[in-house]
> 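One structure follows; several queries about it will come next.
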Amino acid sequence: MSRFAARQRVFYVEEPVPHDGPATLQVSQRDANLYVVVPHLPGHLSAAAAAGVQEQLLERLLASRRIHTFVAWYYTPMALTFTSRMRSAQAVIYDCMDDLSGFRGAAPELVQREAELFGRADLVFTGGRSLFEAKRQQHAAVHLFPSSVDVHHFAAARLPQAEPADQTAIAHPRLGYCGVLDERLNFELLASVADARPDWQMVLVGPLAKIDPSELPRRPNIHYLGPKAYAELPAYLSGWEVALLPFAHNDATRFISPTKTPEYLAAGCGVVSTSVRDVVRPYGERGLARIADTPRQFVASVAAALAEDPSVRRRRADAFLEGMSWDATWDAMRSLLDPVLIGRRETREPQAAVAAGVGVGVA
């Protein structure tokens, strides 16, 4: 969306936040043309009432900002509950980053809403190969856009960094994970590895979501540092010897394509992952990540990563990451979007993009 904002204003609508006051929209400007919109709704509203109030708030936003034509960009089909009557969109994009119906607490009607969105969308983008293969028969224009990476941002982790205060006292070697802590992680595996190698320190950076804190394994060598801003991540990764992708095998991980995989590689870390399909192919097959599912395999893979020559690993990673960027991804998306807009355009460009997504904290 930050790339889209180079052309038009972008309003990213996050999930509503319950509060005690009247319904309002909090609009914050993050960049020249990029705005984050957070609905604040009374907590007592039913789901149907909340959708109706969000629809009214969004209509007022469009009117107050003099937006009459726009691109509607969906990250979740559930946003249709408050945008279904918005008919001024010159193009409808479904940017399908996950199979959300497999997540814990997913709305029962999500599958129906996704079918509706497929019927309205001009283009469907998928964030990984396995997701592309699952969705390609459901729409005539499904396009694969695997996770990209801001190489320059994460490569800063290869340079000397000031150690973050909450990581300074943690001994080495460090095995790190950054991302949301939820039902997608295999916490039993993490606990087993921590028990098998008490001399290894496991550092988990990210917010807790949809699980109770009691579900987190507690060990002297497991450290939960909480959520961090995107800008802070290179400083944390700089202090890790190995970066982890310890995902469970369940409905929520069946189609995931972790963005953090190329980010870990750009940071110069060794990578050990469970056998997530979109990590196995291509990262495991190309020797860029070690794949392991059992505690014994995971310990052996981490040990091998710790023993390898970092300079050789980084050269292989750099060769793979060359040309991968969000700029290139956006250019390819724009080449698909522009013909749709040209076909619909009468007299003017769309005045904005309205993106609706799942509001999660950056970690």
Side-chain angles (χ1 to χ4, degrees), residues 1 3-4 71-81 83-84 89-103 106-149 184 245 247-262 273-286 288-289 291 320-321 323-344 353-358:
M1 289 297 102
R3 272 66 176 178
F4 204 155
V71 173
W73 196 292
Y74 290 86
Y75 287 101
T76 170
M78 294 308 296
L80 284 174
T81 61
T83 60
S84 60
Q90 287 187 288
V92 174
I93 310 298
Y94 178 23
D95 201 343
C96 182
M97 297 298 295
D98 276 302
D99 182 20
L100 298 176
S101 64
F103 281 40
E109 65 270 27
L110 201 151
V111 173
Q112 176 187 342
R113 290 291 184 184
E114 183 174 71
E116 181 183 347
L117 184 52
F118 275 126
R120 294 185 58 182
D122 297 291
L123 297 168
V124 177
F125 302 146
T126 60
R129 181 165 298 278
S130 57
L131 197 58
F132 169 74
E133 292 169 352
K135 304 296 184 184
R136 65 191 304 181
Q137 302 301 323
Q138 299 180 51
H139 192 276
V142 179
H143 301 272
L144 170 63
F145 285 100
S147 298
S148 192
V149 59
R184 292 173 295 175
L245 296 164
F247 290 107
H249 291 287
N250 56 34
D251 289 343
T253 62
R254 192 161 43 139
F255 300 113
I256 62 169
S257 180
T259 304
K260 59 183 63 62
T261 315
S273 174
T274 52
S275 56
V276 173
R277 282 192 293 171
D278 282 8
V279 178
V280 172
R281 181 183 58 172
Y283 299 100
E285 293 177 348
R286 299 195 182 192
L288 297 167
I291 308 300
F320 178 82
L321 296 173
M324 282 181 66
S325 71
W326 292 115
D327 291 329
T329 294
W330 167 242
D331 287 343
M333 287 179 168
R334 186 177 60 186
S335 71
L336 296 168
L337 174 59
D338 282 348
V340 175
L341 296 176
I342 291 170
R344 303 275 173 81
V354 178
V358 179

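Basis for what follows: all heavy atoms, side chains included, without hydrogens, waters or symmetry-related copies.
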> Does D122 use its side chain to pair, donor to acceptor, with the backbone of V92 at less than 3.5 Å?
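Answer holds: yes.
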
> So do the side chains of T259 and V149 get within less than 4.5 Å of each other, counting heavy atoms only?
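With C-beta onward as the side chain, the pair stays apart.
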
> Can you confirm whether more than 12 heavy atoms, excluding those of E285, are under 6.0 Å from its CD atom?
yes

> Can you measure from CE (M324) to OG (S147) and round to the nearest 0.5 angstrom?
7.5 Å

> Looking only at heavy atoms, which two atoms of M78 and E109 are closest? And how far apart?
CE-OE2, 3.5 Å

> Measuring only between side-chain heavy atoms, which start at C-beta, is L144 closer than 4.5 Å to R136?
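No, side chains not in contact.
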
> Rounded to the nearest 0.5 Å, what's the gap from OG on S325 to CZ on R3? Could you check?
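It is 7.0 Å, given to the nearest 0.5 Å.
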
> To the nearest 0.5 Å, what is the distance between CG (D98) and CZ (R254)?
12.5 Å

> To the nearest 0.5 angstrom, please state how far the SG atom of C96 sits from the CD atom of Q138.
8.5 Å

> Verify side-chain contact (heavy atoms from CB on, under 4.5 Å) between V142 and L123, making sure each step is shown before the conclusion.
CA-CA 6 Å; V142 179; L123 297 168; over 6 Å; no

> What closest approach, in Å, do D278 and S257 show between heavy atoms, and which atom pair accounts for it?
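Between these two residues, the closest heavy atoms are OD2-CB, 3.3 Å.
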
> Provide the closest heavy-atom pair for S148 versus P262 in the form atom of the first, atom of the second, distance.
O-CG, 3.8 Å

> Step by step, would you call Y74 with L117 a side-chain contact (heavy atoms from CB on, under 4.5 Å)?
CA-CA 9 Å; Y74 290 86; L117 184 52; 3.8 Å; yes

> Measure the shortest side-chain to side-chain distance between I93 and F125 over non-hydrogen atoms and say whether it is less than 4.5 angstrom.
yes

> Verify whether the ring centers belonging to F320 and Y283 lie closer than 6.0 Å.
yes

> Does some side-chain heavy atom of F145 sit less than 4.5 Å from a side-chain heavy atom of H143?
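Touching, per the 4.5 Å side-chain cut-off.
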
> With under 30° as parallel and over 60° as perpendicular, where do the rings of W73 and F4 fit, or are they tilted in between?
perpendicular

> Indicate the atoms forming the closest heavy-atom contact of Q90 with L341, along with that distance.
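Smallest heavy-atom distance, with atoms named: CB-CD2, 3.9 Å.
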
> Enter the distance from T329:OG1 to R334:CZ here, rounded to the nearest 0.5 Å.
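So the gap between those two atoms works out to 12.5 Å.
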
> On a heavy-atom basis, which atom in V279 and which in A289 lie closest, and how many Å separate them?
CG1-CB, 4.3 Å

> Can you tell which of E114, H139, R120, K135 makes a side-chain hydrogen bond (donor to acceptor under 3.5 Å, both in side chains) with Y94?
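Exactly one pass, corresponding to E114.
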
> Just verifying a value: how many Å separate S275 OG and I291 CD1, rounded to the nearest 0.5 Å?
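Between atom OG of S275 and atom CD1 of I291 there are 7.0 Å.
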
> What heavy-atom pair brings M97 and L131 nearest, and what distance separates the two atoms?
C-CD2, 3.7 Å

> Between D327 (side chain only) and W330 (backbone N and O only), is there a donor and an acceptor less than 3.5 Å apart?
no

> Any side-chain heavy atom of I256 sitting closer than 4.5 Å to one from F247?
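Yes. Closest side-chain heavy atoms under 4.5 Å.
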
